[in-house]
Amino acid sequence: MEECSSIGRVSVSKTDGYGFESLHSCGKVFVKFSSIYDFFSKIKSESKHFTFPKISEVIFNFFYVVIFASLIAVIFYSIDSGFSKIVRWILGVYV
C-alpha cells in the first residue's frame with residue numbers, strides 16, 4: 001500500500017509505539033465497475049446471500065414486541081400517575 005499523508009491524524013496512545021500499524025485514511029474503498037451490467041450482476045450475486053426469517057419467527061417477534069411495549073407503557077403510566085398524585089398532594093390540589 002502506498003504511503004498517504006498523515007495530516008490531521010492524531011496518535012492513539014494505546015497503540016502508539018507498540019508495533020501496531022496505523023490505519024491509512026486514503027485507502028481505496030470503492031470498487032470500479034466496467035459497465036452497468038457488471039454493477040447489477042454484482043448486486044444480484046450479493047442478494048443471494050440474504051436470509052429472510054420464517055413467517056413463524058416474524059409472528060413471534062411481532063407479538064413479543066407488542067407485549068413488551070405494552071408492559072413498558074403500563075409501567076411508565078403507573079410511575080407517571082404516582083408522581084402526579086404525589087405532586088397534587090404536596091400542592092394541595094385534590095382533583
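By convention here, the first residue in the shown sequence is residue 1.
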*So, Glu57 side chain and Lys54 main chain: donor-acceptor pair closer than 3.5 Å or not?*
yes
*asked:* Starting from Val74, can I reach Val66 by hopping between I/L/V/M/F/W/Y residues whose side chains sit under 4.5 Å apart?
replied: no
*Any chain of hydrophobic side-chain contacts (each under 4.5 Å) joining Ile59 to Phe62?*
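Yes, Ile59 connects to Phe62 through the hydrophobic network.
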Working to the nearest 0.5 Å, report the span between [atom1] of [X] and [atom2] of [Y].
{"X": "Lys44", "Y": "Tyr37", "atom1": "NZ", "atom2": "OH", "value": "7.5 Å"}
{"X": "Phe40", "Y": "Ser47", "atom1": "CZ", "atom2": "OG", "value": "12.0 Å"}
{"X": "Ile75", "Y": "Ser70", "atom1": "CD1", "atom2": "OG", "value": "11.0 Å"}
{"X": "Leu71", "Y": "Phe76", "atom1": "CG", "atom2": "CZ", "value": "10.5 Å"}

_Parallel, tilted or perpendicular, judged at 30° and 60°: which one describes the rings of Tyr64 and Phe60?_
parallel
*Which heavy atom of His49 sits nearest a heavy atom of Ser45, and at what distance?*
CD2-O, 3.4 Å
*State, yes or no, whether a side-chain contact exists between Asp38 and Ser41 at a heavy-atom distance under 4.5 Å.*
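Yes, their side chains come closer than 4.5 Å.
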